[in-house]
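Notes for the one structure printed next.
Note that ligands are numbered from 1 as they come in the structure, with each ligand's atoms numbered from 1 the same way. Along the sequence shown, residues carry numbers from 1. It should be emphasised that the depicted structure is a prediction, and the values quoted were computed from it without experimental measurement.
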Amino acid sequence: MNNIIPEFSIVIPVYNEQENIPELYKRLTEVMDKLCASRKLSADYYEIIMVDDGSTDDSWNIIKNLHHNDRRVKGINFSRNFGHHIAITAGLDYVKGRTVILMDGDLQDPPEEIPKLYERFQEGFDLVYGIRQKRNDSLFKILTSKLFWWILRKFSGVEMPKDQTMLRILSKRLVESVRQMRESARFVHGIMAWVGFNSTNVEIRHNPRNKGKSKYNLPKMFKLAFHAVTSFSAIPLKLASYLGFMSSFLSFMIGLYFLYKKLFLNIPVPGYASIIVSVFFVGGIQLLVLGIMGEYIGRTYHEVQHRPLYIIKESFFEE
Ligand code: UDP
Ligand code: MG
């Protein structure tokens with residue numbers, strides 16, 4: 001297998017998924033063996049790259065054992081938790097296959113849907129991703145995800161259909177383009193949309209998480225949303241000019257009104273409440289805008305540091 005270029009590489013980010021990996025391996029290999037057989041390819045014509053994103057449970061040992069029994073399984077172990085989208089990036093950096101399949105490790109997107117995506121992919125697309133027919137998640141997850149996609153589609157300036165799954169098939173040339181993008185604040189759905197090529201989507205089933213809890217907490221979700229928006233758009237920065245313009249216009253009009261009252265009607269202007277309210281209002285806007293600018297500056301700072309995106313503690317690719 002060493003010298004053979006596999007037809008398929010499957011990349012799976014894994015963070016504390018010890019209960020899911022065995023079932024994932026079983027179902028995925030069944031699907032892939034069948035897919036290879038149907039194309040008259042030998043069953044070792046694919047590789048599975050599991051990227052352990054600094055798990056604290058037994059995930060890495062399980063991956064190691066899988067590799068021990070089945071050399072098609074390869075593994076990368078990070079020195080700490082770097083995040084879902086970075087783990088995917090590492091996997092893409094090491095794939096050898098001509099066709100790359102990406103999927104999460106929690107079986108929410110069933111591997112049994114891969115042949116459906118692949119059928120479409122063979123029509124000549126560079127990217128085929130799943131769209132969830134019906135999201136099988138908690139109400140909180142559904143609402144926050146809705147908000148996330150809404151903000152993204154509104155502010156990112158990149159055409160991105162909502163409810164995309166991570167389960168997707170990519171061509172080698174698309175993967176090579178994605179590899180060239182080394183920004184540390186990563187949002188891979190956006191990067192894949194940004195590079196272009198021909199993409200399409202297919203509706204697929206979405207299951208509840210197989211075992212365990214979501215590995216995304218609220219701060220992680222906010223971070224991703226912010227990375228996603230700031231990666232593709234500077235619209236939030238323009239908010240400053242809009243708000244500045246609006247509040248100056250408003251205060252000018254109110255000023256005129258008070259002047260008129262004082263000069264022509266001789267009504268004294270009672271001031272305290274209105275002054276306090278407007279001071280807080282303007283102060284709030286200033287802080288908001290400063291905060292947004294700070295986020296962009298922080299992002300610029302991180303990018304110019306040019307640190308590696310991830311640190312690998314251990315990996316096995318061949319014997
Ligand atoms: N994941 C990861 N690093 C993280 C968080 C998650 O590699 O810091 C992996 C996780 O193991 C899973 C995938 O990314 O395979 C998606 O995570 P999860 O299912 O928790 O996200 P959700 O489906 O709830 O959005
Ligand atoms: Mg999940």
| Can you list the ligand 1 atoms lying under 4.0 Å from a non-hydrogen atom of K220? |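 With K220 as reference, the close atoms of ligand 1 come out as 4 (C), 5 (C), 8 (O).
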
| query | Under 4.0 Å from any heavy atom of N81, which atoms of ligand 1 are there? | reply |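 Taking each heavy atom of N81 in turn, ligand 1 has 3 (N), 4 (C), 8 (O) under 4.0 Å.
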
| Heavy-atom distance to atom 19 (O) of ligand 1: which of D109, L107, D106 wins? |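 Nearest option to atom 19 (O) of ligand 1, by heavy atoms: D106.
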
| query | Relative to atom 10 (C) of ligand 1, which among H206, E17, Q108 owns the nearest non-hydrogen atom? | reply |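 Among H206, E17, Q108, the closest heavy atom to atom 10 (C) of ligand 1 comes from E17.
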
Give the residue, atom name and distance (to 0.1 Å) of the protein heavy atom nearest [atom].
{"atom": "atom 14 (O) of ligand 1", "result": "H84 CD2, 3.0 Å"}
{"atom": "atom 24 (O) of ligand 1", "result": "S214 OG, 2.6 Å"}
{"atom": "atom 21 (O) of ligand 1", "result": "Y216 CD1, 3.3 Å"}
{"atom": "atom 18 (P) of ligand 1", "result": "R209 NH2, 3.5 Å"}
{"atom": "atom 20 (O) of ligand 1", "result": "K215 N, 2.5 Å"}
{"atom": "atom 1 (N) of ligand 1", "result": "Y15 CB, 3.6 Å"}

Flag [X] as yes when one of its N or O atoms lies below 3.5 Å from any N or O atom of ligand 1, and as no otherwise.
{"X": "G83", "answer": "no"}
{"X": "G105", "answer": "yes"}
{"X": "K213", "answer": "no"}

Check this for me, if you would: do [X] and [Y] make a salt bridge, where the nitrogen-to-carboxylate-oxygen distance has to be below 4.0 angstrom?
{"X": "R173", "Y": "E176", "result": "no"}
{"X": "R182", "Y": "D93", "result": "yes"}
{"X": "R299", "Y": "E303", "result": "yes"}
{"X": "R72", "Y": "D33", "result": "yes"}

| request: Please state whether M166 comes within less than 4.0 angstrom of ligand 1, counting heavy atoms only. | output: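 M166: no contact with ligand 1 (<4.0 Å).
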
| Touching ligand 1 at all, K141? Heavy atoms, strictly under 4.0 Å? |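 Per 4.0 Å heavy-atom rule, K141 contacts ligand 1.
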
| query | If you look at every heavy atom in F140 and L218, which pair is closest and at what distance? | reply |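 Closest heavy-atom pair between F140 and L218: CZ-CD1, 3.5 Å.
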
| task | Under 4.5 Å between side-chain heavy atoms, chaining through other members, with only Ile, Leu, Val, Met, Phe, Trp and Tyr counted: pull out the rest of the cluster around V304, sorted by chain and number. | result |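 Members other than V304 - counting any ILVMFWY side chain reachable under 4.5 Å - there are none.
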
| query | So which of L167, V31, V202 actually passes side chain to side chain contact (heavy atoms under 4.5 Å, CB included) with E113? | reply |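 Among the candidates, only L167 passes.
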
On the 0 to 90° scale, with breaks at 30° and 60°, tag the [X]-[Y] ring pair as parallel, tilted or perpendicular.
{"X": "F82", "Y": "F78", "result": "perpendicular"}
{"X": "H85", "Y": "F187", "result": "parallel"}
{"X": "H84", "Y": "Y216", "result": "perpendicular"}

| query | Quick one: does ligand 1 sit under 4.0 Å from the side chain of D53, the backbone, both or neither, non-hydrogen atoms only? | reply |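 For D53, the contact with ligand 1 is made by the side chain alone.
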
| field | Under 2.8 Å: N/O/S of D104 next to the Mg ion (ligand 2) | value |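 Not a single backbone or side-chain N, O or S atom of D104 is under 2.8 Å from the Mg ion (ligand 2).
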
| request: Answer yes or no for Y216: is there an N/O/S atom below the 2.8 Å cut-off from the Mg ion (ligand 2)? | output: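 No, Y216 does not qualify, because none of its backbone or side-chain N, O or S atoms lies under 2.8 Å.
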
| query | Do the side chain of R186 and the main chain of M181 share a donor and acceptor less than 3.5 angstrom apart? | reply |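 Yes; at least one donor-acceptor contact below 3.5 Å.
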
| Distance-only, no hydrogens or angles: does the N16 side chain make a donor-acceptor pair with backbone N or O of T56 under 3.5 Å? |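 Yes: the side chain of N16 pairs with the backbone of T56.
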
| task | Write the atom name of the N, O or S atom in D106 that is nearest the Mg ion (ligand 2). | result |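 So the atom name we want here is OD2.
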
